[in-house]
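See below for the structure under consideration.
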Amino acid sequence: MITGSGVGTVEGYAVRRGWRSRVAGLRRLDWALFLVVLTLSVIGALLVRSATYQLLTDQGKDPEGFLKRHILNLVIGFLLGGVVTVLDYRLLRAYVPILYGAACVGLLAVLTPLGQTINGSHSWIVIGGGFQVQPSEFAKVGLVVLLAMILGEPRDGEIGPGRRDVLLALVLAGVPGVLIMLQPDLGTTLVFIAVVLGMLAISGAQKRWLVGLVGGGAAAAFAVWFFGLLKDYQIDRFTAFLDPDADPRGAGYNAQQARIAIGSGGALGKGLFHGQQTGGHFVPEQQTDFVFTVAGEELGFVGAAVIIALLGVVLWRGLRIATQAADLFGTLVATGVVCWLGFQTFENVGMTIGIMPITGLPLPFVSYGGSATFANMIAFGLLQAVHVRRRPFD
C-alpha cells in the first residue's frame with residue numbers, strides 16, 4: 001500500500017525529473033544560433049527606427065510608430081519560434097496536410113476581394129489597425145515541411161525518393177507556386193524554386209530530375225518573357241537591373257538610389273541615425289526591402305559586412321543542424337530552411353548593390369514586416385526543434 005508520504009515522494013520525484021528534463025532541453029538548444037538571430041533582430045530594429053523616424057516626423061505621425069510595431073512583431077515572432085522549438089518536429093508529419101491546406105487557402109483568399117494590392121503585388125490581406133497578412137510568407141513554411149514529408153520517407157528498396165515521390169512533390173509544390181505567380185510575386189516564386197531544388201538534391205533524388213528542372217525552368221522563364229506574361233513593373237525591374245542608368249528617374253530609380261546610399265557610407269559609415277540618404281528618404285521602402293541600404297550608409301562597409309557575416313552564421317548553423325539530424329525528415333526540414341533563408345539573403349543584398357534584379361524580398365531577421373518576421377521565426381524554431389532532437393551521440 002502506498003502511504004501519503006510515499007505518494008508525495010513519487011510526485012516530488014516526478015516534478016524534479018520533469019524540471020531536470022526541461023533544463024536539459026534548454027541546454028541542448030543551439031545557443032549560438034539563438035544569439036545570432038537575437039543580434040540580427042536588435043540591429044534590424046535600430047535600422048528600422050533610423051529608416052522611418054524622419055519620414056514619420058515629416059508626416060506628423062508618431063516617429064517611433066514603425067519601431068513599436070516592429071518590436072511587437074519580434075516579440076510575437078520569438079514566441080512562435082519558442083512554441084515550434086518545444087514541439088517534436090517529427091510529429092509534424094501528421095499535421096503537414098493541414099499546414100499545406102491552410103497555406104493554399106490563404107493564397108486563394110488573396111486572389112478574392114479580400115486581397116489588397118501593395119507595391120504592385122496583390123499579395124496581402126488587410127486586417128485593420130495598420131496590420132496586413134501576407135500568406136505567401138507562411139506558404140514557405142508549408143512548402144518545407146511538405147517536401148520533407150514526401151522526400152524524407154523512401155519506399156522499400158529505394159535509397160532516395162522514387163519517381164512517384166518526386167512527381168508528387170513537384171505537383172503539390174506547383175499548386176501554391178502557381179497561386180503566388182498569379183499575385184504576381186516573382187520573388188517568393190524564386191524562393192520556392194530554390195527550396196525545391198535544394199531539398200531534392202539533399203534527398204538523394206536522381207540527378208536527371210535536377211537537370212530537367214533547371215532546363216525546364218529556363219525554358220519557362222524564356223516563354224514567360226517571350227509571350228509577355230510579366231507585368232510592366234516587373235519588366236521595368238529587369239530592365240533597370242540590366243542598365244540602372246538608362247532610366248534614373250523611372251524604373252532605375254530604386255536601384256540607383258540604393259547604390260548611392262550604400263556607396264556614400266564608405267568604410268565606417270556616417271553613424272547610426274545620421275544617414276543623409278536615409279533621413280531624406282530617397283530610397284523607397286527602406287524599412288523593408290531596402291533596409292540593407294540603411295546599414296550600408298550609416299554603418300559603412302564594416303557594419304554591412306558584419307550583418308552579412310551574422311546571416312552567414314545562421315546558414316552555417318542550419319547546415320550543421322541538417323548534418324546532425326536524427327532522421328532524413330529532420331535533415332530535409334533544416335535544409336529547406338537554409339535554402340529559403342540563404343536565397344532570400346543573397347537576393348536582398350544583391351538587389352541593393354546591383355547584382356540581382358529587384359524582386360521585393362525582405363532581409364531575414366532584419367527587415368520590418370509582420371508576416372515575414374513571423375515566418376522567419378517559425379523557420380528559426382524549426383532549426384532549433386531539429387537540433388534539440390539530434391542524434392544523441394553527436
Side-chain angles (χ1 to χ4, degrees), residues 96-97 99-111 121-124 133-152 161 165-203 205 209-221 223-224 229-231 234 237 289 315 318 332-348 350-351 356-364 369 371-372 374-376 378-379 382:
V96 166
L99 296 174
Y100 175 78
C104 290
V105 169
L107 294 174
L108 283 171
V110 168
L111 301 178
S121 292
H122 198 77
S123 308
W124 306 83
V133 176
Q134 189 176 10
S136 59
E137 289 292 339
F138 300 102
K140 298 172 186 175
V141 180
L143 176 69
V144 168
V145 294
L146 171 75
L147 294 180
M149 183 192 72
I150 297 175
L151 302 176
D165 295 326
V166 174
L167 287 175
L168 179 62
L170 293 178
V171 170
L172 293 180
V175 173
V178 170
L179 293 175
I180 290 172
M181 278 297 294
L182 292 176
Q183 295 178 3
D185 184 351
L186 181 60
T188 303
T189 303
L190 294 176
V191 173
F192 267 48
I193 294 173
V195 170
V196 170
L197 289 176
M199 295 183 71
L200 278 175
I202 296 300
S203 69
W209 285 106
L210 299 176
V211 175
L213 286 174
V214 172
V224 167
L229 301 180
L230 292 176
K231 299 292 185 179
Q234 292 175 319
R237 285 178 175 179
D289 300 342
L315 301 180
L332 289 174
V333 167
T335 299
V337 170
V338 169
C339 292
W340 159 13
L341 298 179
F343 178 83
Q344 197 157 314
T345 297
F346 176 76
E347 166 60 29
N348 180 275
M351 74 182 187
M356 292 293 287
I358 296 174
T359 57
L361 287 174
L363 188 61
S371 298
F374 300 158
N376 291 336
I378 291 174
L382 286 173

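Numbers here simply count residues along the sequence, with the first being 1. All values derive from a computational prediction rather than experimental measurement.
Between L151 and D165, the shortest heavy-atom distance links the atoms CD2-O, 4.3 Å. Of all non-hydrogen atoms in M351 and T359, the two that sit nearest each other are SD-N, 3.7 Å. Across all non-hydrogen atoms, the minimal contact from C104 to V175 is SG-CG1, 4.2 Å. Residues A334 and G318 share a closest heavy-atom pair of CB-O, 3.9 Å. In plain terms, the two heavy atoms of L143 and A173 that are nearest each other are CD1-CB, 3.6 Å. P135 and V110 make their closest contact through CG-CG2, 3.4 Å (heavy atoms, listed as atom of the first residue, atom of the second, distance).
Taken from SG in C339 to CD1 in I202, the straight-line distance is 7.0 Å, to the nearest 0.5 Å. A distance of 8.5 Å separates CG in L170 from CG in L147, rounded to the nearest 0.5 Å. In this structure, W209 CH2 and L200 CG are separated by 9.0 Å, a value rounded to the nearest 0.5 Å. Atom CD1 in I358 sits 9.0 Å away from atom CD in E347 (nearest 0.5 Å). Atoms CG and OG1, on L361 and T345 in that order, are 10.0 Å from each other to the nearest 0.5 Å. Going from atom CE of M181 over to atom CG of L186 covers 6.0 Å, rounded to the nearest 0.5 Å.
Looking at W340 and N376, their side chains come closer than 4.5 Å, going by heavy atoms from C-beta outward. Between T188 and Q183 there is no side-chain heavy-atom pair separated by less than 4.5 Å. Considering only heavy atoms from C-beta on, V195 comes within 4.5 Å of V144 through its side chain.
Sorted by first then second residue, the salt bridge (charged side-chain N to carboxylate O under 4.0 Å, His left out) pairs that include residues 134-150, not counting sequence neighbours, are E137-K140. Legend: side-chain hydrogen bond (donor to acceptor under 3.5 Å, both in side chains) pairs involving residues 190-201, not counting sequence neighbours: none detected.
Residues that satisfy the side chain to side chain contact (heavy atoms under 4.5 Å, CB included) test with L172, not counting sequence neighbours, are Y100, L146, I150, L168. V214 is linked by a side chain to side chain contact (heavy atoms under 4.5 Å, CB included) to L197, counting only residues two or more places apart in sequence or in another chain. Taking the side chain to side chain donor-acceptor pair (under 3.5 Å) definition, one finds that T335 meets it with nothing, sequence neighbours left out. When the side chain to side chain contact (heavy atoms under 4.5 Å, CB included) test is applied to A103, the partners found at least two apart in sequence or on another chain are A139.
Side chain of D289 to backbone of N348: no donor-acceptor contact under 3.5 angstrom is found.
In summary, of the residues considered (L179, L182, D185), a side-chain contact (heavy atoms from CB on, under 4.5 Å) with L107 occurs for L179 alone.
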